[in-house]
Student: 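This structure is in structure tokens; I'll ask about it shortly.
Position 1 is the first residue of the sequence, and the numbers go up from there.
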Amino acid sequence: MLEKANKGMIVTYVVAAAVCLCFLASSVLFMLYVLRHNEEENMQYLYGVAEQNRTALLKQIQGDYQTLDGVAICIGNADISDPEKLRGILQEINAGSSFVRMGLSDAEGKLDLLDIDGSVYQDVDISGRPFFARVKAGENAVSQAIRDSFGDGYILYYGVPVTRDGAFIGALCAVNTADTFRRIIDAPVLNGRGFSNLISSAGDVVIHSSHPDAARAENSVLAALESSDPSERERITGLLAQGESGEFTYTVDNEVLVAVFEPLGINDWFVLSVVPQTVLKQRYNIVIVGIAAMILVACSIFLFLLNRQRRMMAKNKEDLMHLAYDDPLTGCRNYTKFLLDGNALLQSGPGRFAVWYCDLKKFKYINDIFGYHTGDLVLRKMAELFEKYAGDGEIFGRVSGDNFVGIRLYREQGELSVWFEKLRLDLCEQELDALQQMPTALCMGFYCVEENGGERLPLNDMVNRANMAQKSVKTKSGSRCAFFTQEIRSRIHWESELETRARRALEQGEFVLYFQPKVNIQEGNRLAGAEALTRWVSPDHGLIPPGEFIPLFEKNGFIVQMDRWMFEQVCRWLQGYLSAGNPPINIAVNVSRLGLLQEDFVDYYAAVKERYGIPDRLLELEFTESIIMEDDFLFRDTVVRMQQKGFICSLDDFGAGYSSLNLLKNLPIDVLKLDVLFFKRGVDIRRERVVVANIISMARELHIKTIVEGVEKTEQIEFLRRSGCDIVQGYVFSRPVPLAEFDAL
Ligand code: C2E
Ligand code: CA
Ligand code: CA
């Protein structure tokens, strides 16, 4: 499941990264597109500037031509041979135009120029000027900028042909200062950051703008391009020579300038508009910054969300791991996780590994008596204990309830016992207040991998074997530990053999009824009855004591059948005994916990009793004390119903468990069976006797008869008699005996 989640996470990341990359790539592409588009737009803008200048210049020139053309026609048509008259006309025209001088040349290119201030420059020779040649050929023409020989600065000549009767009679000339043109091209470009010049096809500046940067391009575009590569220069000179427009960049004083040029259509002139690249870029830098900021914000949001998602997924994964692998109560590994980590540990290399299985004795009673809260507390304490004593790299976990498992490294087996002893002592020391009346004890089993031939069983099987070892000492008193041995293994074989044989053994009559007499010590040791105890007489194994098979049958449920079979045997015997005219005798049978839980329990026992015609109050049912713990209410109810059916009910093994004396007063039982063996734990015999004597007297007050069993010594009889005990069952009088022997009694 986790692997699947991991895969899902990886896929999410890949998809997210792909989406992010796509977004970035498309953003960059879009940005490049915008850049390009802007660049083009800017170039267009620059061309627009050149175009505007060109139009303004053309307008100026064409306006001037128009003025001159009109005059030229007048002059051509009318014979104005009188120079004074001509001068008058020209003076009049000049006053209404921007020309500084005017004059009419003869056919050879000689003229008098009439200045705007009234002075006259006579016999100016323009015959050698190229523009005159073109005028002579019938064209309108403007000269190059020429240094003014009658004043400062540069001037330009305009010339239009004057013809009479189809013959060229002279050129009508006008002079404009270069400033007239400069004013036009001085129109601000990009808030005054750029400028326009008028250049020739050779790249030379014809008129430069008065912008401070305009002179930086030297006098020649080609000079400006000197640092550029030759092919670029060739391209530009080519375009200029062919009268085509174009664009280029060049560097002056480390500043990159962008230039476009457009043919003016007059002479070989071009309008050259120049602007620093930075200024051009500024126009679209804002757009770029805007887009970049948007991309950045989008990416940041995306990354933030991705990161949040990642953190959430990591947390989910952690929670999932927690759920899947942690024991919610103690926080340690659960069994699944233990197997996982344990297998890894066992494979991690050489070393002597011991798998241990630990059980807290009587944990069930802690829960029952002190409540689940205390039970949980004890389990947490146990987990803390194992944590505290776990060596480097060692692991442990909780299987269920009070069962813990772990793997411990060791060099020799003795170390494991020492380790267990430390655990035990620590547990004793931190005994919980609430449990002080009931000391807890640990039961631990080890399965040492190396000691068992280093056989690499599945970890689960090793755990089972450690558990078997644990169980082998569970019934012994106090804290115990044990190692899995061949003996345990054979015992387990033996047990499984018993289990498989049980059913046939019952059918084939291998189970035999034994009676142990009960003696009334208050009435001169009179025989008061007997307890029926089962024995398995196996043709292969001889006599098998119940201690060997009863616990197995209790586990696999066969005990119910066995008890019922025993009960029938007792009834049959009693029927025969009574019908032989013998005095009534009380016979007790054992009832297992599982038997009591059967729905037809009361009906079955009552029906059999009826069937054999056994009178009331002869048959006694012994319920073991631990049954009360299981289901107090059911027990009470059953006891009452059985009493109504004529059964005597007794509580067996009182004192073995932890049933409180308090409980006793609410139980409707007839007989209390105390096992003196249970009181033989301590050293102080007197104290035990006080306890036994008090229980007996209390039972007496509650009108409950007491039977003390397990009595072996005669001296105990006297004490019990004085204490008020009614009946004694024990070796002191008789061991359990076969029926024939009992009959003889
Ligand atoms: P229990 O019901 O407590 O039976 C008394 C046990 O104590 C018997 O062991 C008896 O032999 C033993 N005993 C009696 N007097 C003395 C004595 O002075 N000293 C010592 N050391 N022991 C004494 P047994 O017959 O081996 O039975 C063991 C247990 O097996 C019984 O304990 C009972 O719990 C169970 N059991 C025996 N037969 C049946 C049966 O038919 N049905 C069920 N459910 N359990 C049975
Ligand atoms: Ca019994
Ligand atoms: Ca008993």
Side-chain angles (χ1 to χ4, degrees), residues 332-335 338-339 341-343 345-346 351-364 379 382-383 385-386 389-391 394-428 439-499 545 547-556:
C332 72
R333 289 174 184 80
N334 63 14
Y335 191 55
F338 168 77
L339 288 180
D341 291 353
N343 274 317
L345 178 60
L346 291 178
R352 292 161 84 85
F353 295 104
V355 176
W356 56 262
Y357 194 108
C358 189
D359 181 89
L360 190 68
K361 273 189 172 175
K362 307 270 155 62
F363 176 69
K364 219 184 115 27
L379 291 179
M382 274 180 83
L385 190 71
F386 293 130
Y389 288 96
E394 294 177 356
I395 60 161
F396 74 94
R398 187 162 79 112
V399 184
S400 65
D402 57 335
N403 295 337
F404 287 81
V405 282
I407 296 178
R408 186 153 177 86
L409 289 151
Y410 70 102
R411 277 164 307 209
E412 43 178 311
Q413 267 195 4
E415 292 172 5
L416 296 172
S417 308
V418 172
W419 177 70
F420 174 74
E421 188 57 16
K422 276 191 207 159
L423 286 174
R424 188 189 68 80
L425 285 174
D426 198 318
L427 186 75
C428 283
T440 41
L442 289 179
C443 237
M444 190 179 271
F446 291 102
Y447 175 79
C448 299
V449 182
E450 307 307 320
E451 257 63 47
N452 286 281
E455 187 192 355
R456 288 290 159 124
L457 295 168
L459 180 54
N460 196 41
D461 292 357
M462 295 190 196
V463 169
N464 278 337
R465 292 187 174 191
N467 191 16
M468 287 171 192
Q470 180 263 133
K471 279 182 183 155
S472 72
V473 284
K474 201 170 183 174
T475 46
K476 294 182 183 159
S477 63
S479 287
R480 302 270 177 162
C481 76
F483 294 90
F484 180 83
T485 56
Q486 286 315 309
E487 211 182 301
I488 292 175
R489 188 208 284 264
S490 358
R491 217 204 49 234
I492 283 149
H493 271 128
W494 167 239
E495 284 180 359
S496 68
E497 198 182 320
L498 288 183
E499 278 187 70
E548 302 234 338
F549 57 87
I550 295 287
L552 298 180
F553 294 174
E554 278 172 344
K555 254 189 281 170
N556 69 12

Student: Are Phe404 and Leu379 packed together at the side-chain level, in the sense that at least one heavy-atom pair is separated by less than 4.5 angstrom?
Tutor: yes
Student: Got a second to check how far Ser417's OG is from Glu412's CD, nearest 0.5 Å?
Tutor: 10.0 Å
Student: Determine, using ring centers only, whether Trp356 and Phe386 are less than 6.0 Å apart.
Tutor: yes
Student: For the side chain of Lys361 and the backbone of Ser479, is there at least one donor-acceptor N/O pair under 3.5 Å apart?
Tutor: no
Student: Which heavy atom of Ile395 sits nearest to which heavy atom of Arg333, and what is that distance?
Tutor: CG2-NH2, 3.3 Å
Student: State the CZ-CE distance between Phe396 and Met382, to the nearest 0.5 angstrom.
Tutor: 10.0 Å
Student: Sequence neighbours left out, cut at 3.5 Å: what donor-acceptor pairs do the side chains of residues 548-556 make with other protein atoms?
Tutor:
{"residue": "Glu548", "atom": "OE1", "partner": "Trp494", "partner atom": "NE1", "Å": "2.6"}
{"residue": "Asn556", "atom": "OD1", "partner": "Phe558", "partner atom": "N", "Å": "2.9"}
{"residue": "Asn556", "atom": "ND2", "partner": "Glu499", "partner atom": "OE1", "Å": "3.1"}

Student: If I compare all heavy atoms of Ser472 with all of Arg491, which pair ends up nearest, and what's the gap?
Tutor: CB-NH1, 3.6 Å
Student: Gly445 and Ala469: which non-hydrogen atoms are nearest, and at how many Å?
Tutor: CA-CB, 3.8 Å
Student: Determine the minimum heavy-atom distance between Tyr410 and Leu416, stating which atoms define it.
Tutor: CB-CD2, 3.9 Å
Student: If I compare all heavy atoms of Leu346 with all of Leu459, which pair ends up nearest, and what's the gap?
Tutor: CD1-CD1, 3.7 Å
Student: With salt bridge (charged side-chain N to carboxylate O under 4.0 Å, His left out) as the rule and sequence neighbours excluded, what pairs involving residues 462-480 come up?
Tutor: Asp359-Lys474
Student: Is Phe353 close to Leu409 at the side-chain level, that is, under 4.5 Å between some pair of heavy atoms?
Tutor: yes
Student: Please tabulate, for the side chains in residues 483-490, all donor-acceptor contacts under 3.5 angstrom to protein atoms that are two or more places apart in sequence or on a different chain.
Tutor:
{"residue": "Thr485", "atom": "OG1", "partner": "Glu487", "partner atom": "N", "Å": "3.4"}
{"residue": "Thr485", "atom": "OG1", "partner": "Ile488", "partner atom": "N", "Å": "3.3"}
{"residue": "Gln486", "atom": "OE1", "partner": "Arg489", "partner atom": "NE", "Å": "2.8"}
{"residue": "Ser490", "atom": "OG", "partner": "Gln486", "partner atom": "O", "Å": "2.6"}
{"residue": "Ser490", "atom": "OG", "partner": "Glu487", "partner atom": "O", "Å": "3.3"}

Student: Please round to the nearest 0.5 Å and tell me the distance separating atom CG of Leu427 and atom CZ of Arg424.
Tutor: 9.5 Å
Student: What do the steps show when you test Asn464 against Leu457 for side chain to side chain contact (heavy atoms under 4.5 Å, CB included), and what is the final call?
Tutor: CA-CA 11 Å; Asn464 278 337; Leu457 295 168; over 6 Å; no
Student: Is there a side chain to side chain contact (heavy atoms under 4.5 Å, CB included) between Asp461 and Tyr447? Walk through the geometry before answering.
Tutor: CA-CA 10 Å; Asp461 292 357; Tyr447 175 79; over 6 Å; no
Student: Give me the atom names and distance for the closest heavy-atom approach of Arg398 to Gly401.
Tutor: NH1-O, 2.7 Å
Student: Which is it for Tyr357 and Val399 under the side chain to side chain contact (heavy atoms under 4.5 Å, CB included) test, yes or no, and what are the steps along the way?
Tutor: CA-CA 9 Å; Tyr357 194 108; Val399 184; 4.2 Å; yes
Student: Walk me through whether Tyr335 and Ser400 qualify under side chain to side chain contact (heavy atoms under 4.5 Å, CB included).
Tutor: CA-CA 8 Å; Tyr335 191 55; Ser400 65; over 6 Å; no
Student: For the pair Asp426 (side chain) and Lys422 (backbone), establish whether a donor and an acceptor sit closer than 3.5 Å, ignoring hydrogens and angles.
Tutor: no
Student: Output the distance between atom CH2 (Trp419) and atom CE (Met444), rounded to the nearest 0.5 Å.
Tutor: 4.0 Å
